[in-house]
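Only one structure is covered here, and it is reproduced in the block below.
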Amino acid sequence: MKASAYLSWAFLLSPIWAAPAANPCDIRSTDTSFTDYAYVYFTGEGTSNGEQIYMAVSNNNDPTQWTTLKNGQPFLTSNVGTKGIRDPSLIAAPDRSKFWIIATDLKVNGLPGGWSNTDMQTKGSKSIVVWETTDLKTWSGPRLAKVSPDNAGMTWAPDAIWDPERNAYMVYWTSSVLSTGNGISAGWKILRCYTNDFVTFTAAEEYLVGYGMDVTITAGDNGAYYMITKNGPNGLIQENVSYNGLSGQWKKVSENIGQGDLPSGEGPLIFRDNKDSNKWHLWIDNNTKGTGYMPFETTDIATGHYTKTQNYKLPANPRHGYVIPM
């Protein structure tokens with residue numbers, strides 16, 4: 001039976017959100033106490049309020065069926081920086097005592113020239129937008145947190161993962177570094193920094209070069225980390241793996257993920273199934289068609305082979321975002 005919007009809202013505020021994750025290195029890992037999923041996203045630049053935080057909850061632990069909260073209106077809005085956000089990530093503390101939303105500080109709607117305006121890549125925000133909560137009901141923020149160096153052109157698609165080697169969250173994002181300085185050479189980069197509270201951050205450093213953009217990383221089994229990124233041929237999605245930690249050597253597993261189903265894609269998100277620990281869900285934003293996410297799945301993430309999910313119904317205009325268990 002499909003959950004109603006009321007029931008989904010009740011699930012959102014229930015104590016199960018505080019249930020401990022099975023693996024402190026992977027806030028999205030499987031756990032028998034998880035009964036649903038939460039999805040945060042934006043809906044695009046086509047409307048004046050599309051570049052804000054939207055939220056949906058899955059129906060009956062089924063990641064192919066969703067109910068939007070607040071009747072499909074923005075769940076949170078930004079009044080800082082550009083007063084718009086894109087690419088939100090929902091980050092849970094290892095013990096799930098706190099949650100943060102971090103997002104790109106960018107509003108394309110109303111920007112002269114839209115995407116043809118290169119200022120967004122050369123004079124863009126050096127900050128991410130941050131919200132914080134302990135119960136997913138009462139949020140503090142939004143606030144700006146400067147993470148990019150002054151020689152960076154923008155700060156896009158921020159994400160974070162708990163790094164057990166540093167005992168801190170590794171925050172990482174896409175940036176065009178305009179000139180060499182601050183210990184970072186010029187060029188298209190994935191930058192990173194570390195934080196324990198999303199208030200204070202270490203200085204940005206170069207993390208990845210040659211891995212495209214819109215990077216997201218998840219912890220798998222047996223010490224593996226999987227990096228999903230918009231990179232490689234045909235503007236599609238690539239999977240890489242590291243068996244030596246988040247700062248280890250990355251090896252390409254597969255590329256052209258989505259070929260035959262998508263002309264190109266961006267903003268990938270990945271999450272583990274709550275009921276089947278071997279199953280993983282990969283969503284790819286069909287940005288060229290403007291239709292939002294198309295879901296794919298695999299029962300063997302180590303192969304990097306994904307097939308399109310059948311019979312799904314995502315929220316309206318589901319753009320780049322993040323899914324976690326609840």
Side-chain angles (χ1 to χ4, degrees), residues 42 45 51 78 80-89 91 100-131 141-161 163 166 168-217 227-231 235 238 240 246-247 250 266-268 285 287 319-322:
F42 77 108
E45 63 275 3
E51 292 164 298
S78 176
V80 297
T82 66
K83 297 181 172 57
I85 68 90
R86 301 172 70 92
D87 325 313
S89 295
I91 309 302
W100 297 267
I101 291 175
I102 59 176
T104 304
D105 176 30
L106 174 63
K107 188 172 185 180
V108 178
N109 181 275
L111 189 69
W115 282 109
S116 64
N117 190 329
T118 59
D119 283 355
M120 68 177 72
Q121 293 188 37
T122 59
K123 301 176 182 178
S125 179
K126 309 293 191 295
S127 300
I128 57 176
V129 184
V130 182
W131 285 267
R143 55 183 169 80
L144 292 176
K146 184 176 183 292
V147 294
S148 282
D150 291 338
N151 51 322
M154 82 289 192
T155 310
W156 283 5
D159 201 339
I161 186 170
D163 186 345
R166 292 285 295 262
Y169 301 94
M170 184 182 79
V171 183
Y172 53 98
W173 63 95
T174 302
S175 188
S176 175
V177 181
L178 305 178
S179 60
T180 298
N182 300 299
I184 302 172
S185 59
W188 191 265
K189 314 277 184 180
I190 305 299
L191 303 182
R192 71 174 176 183
C193 63
Y194 288 89
T195 184
N196 282 298
D197 55 12
F198 291 88
V199 176
T200 59
F201 300 81
T202 63
E205 61 186 43
E206 188 175 294
Y207 181 36
L208 302 167
V209 179
Y211 287 93
M213 62 183 291
D214 292 351
V215 169
T216 189
I217 301 172
M227 181 214 305
I228 312 295
T229 176
K230 177 182 174 67
N231 194 37
Q238 182 182 89
N240 301 271
L246 293 168
S247 298
W250 292 96
E266 66 179 22
D285 189 349
N287 61 301
R319 299 294 305 280
H320 190 176
Y322 215 76

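Keep in mind that the numbers below use all heavy atoms, side chains included, and drop hydrogens, waters and symmetry copies. Starting from 1, each residue takes its place in the sequence as its number.
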Can you tell me if [X] uses its side chain to pair, donor with acceptor, with the backbone of [Y] under 3.5 Å?
X      : Y      : value
Asn151 : Val177 : no
Ser89  : Pro158 : yes
Glu51  : Val108 : yes
Asn182 : Ile184 : no
Ser175 : Lys189 : no
Thr202 : Cys193 : no
Lys126 : Ala152 : yes

Quiz prompt | Contacts of Glu205 that satisfy side-chain hydrogen bond (donor to acceptor under 3.5 Å, both in side chains) - sequence neighbours left out | solution =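 Testing Glu205 for side-chain hydrogen bond (donor to acceptor under 3.5 Å, both in side chains), a comparison that skips the adjacent residues, returns Arg192.
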Measuring from atom [atom1] of [X] to atom [atom2] of [Y], what distance do you get when rounded to the nearest 0.5 angstrom?
X      : Y      : atom1 : atom2 : result
Arg143 : Ser127 : CZ    : OG    : 11.0 Å
Asn231 : Ile228 : CG    : CD1   : 11.5 Å
Lys123 : Asn117 : NZ    : CG    : 9.0 Å
Met120 : Arg86  : CE    : CZ    : 8.0 Å

Quiz item: Among Asp87, Thr155, Thr174, Thr82, which residue meets the side-chain hydrogen bond (donor to acceptor under 3.5 Å, both in side chains) test with Thr104?
Solution: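 Going through the options one by one, the only one that passes is Asp87.
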Tell me, do [X] and [Y] make a side-chain contact under 4.5 Å, heavy atoms counted?
X      : Y      : value
Ile91  : Phe198 : yes
Ile128 : Trp173 : no
Asp159 : Val215 : no
Ile85  : Pro142 : no
Thr216 : Tyr172 : yes
Ile101 : Tyr322 : no
Pro88  : Phe42  : yes
Ile217 : Trp250 : yes

Exercise. For the residue pair Trp156 and Trp115, categorise the inter-ring angle as parallel (less than 30°), tilted (30 to 60°) or perpendicular (more than 60°).
Key: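 Rings of Trp156 and Trp115: perpendicular, as their planes differ by over 60°.
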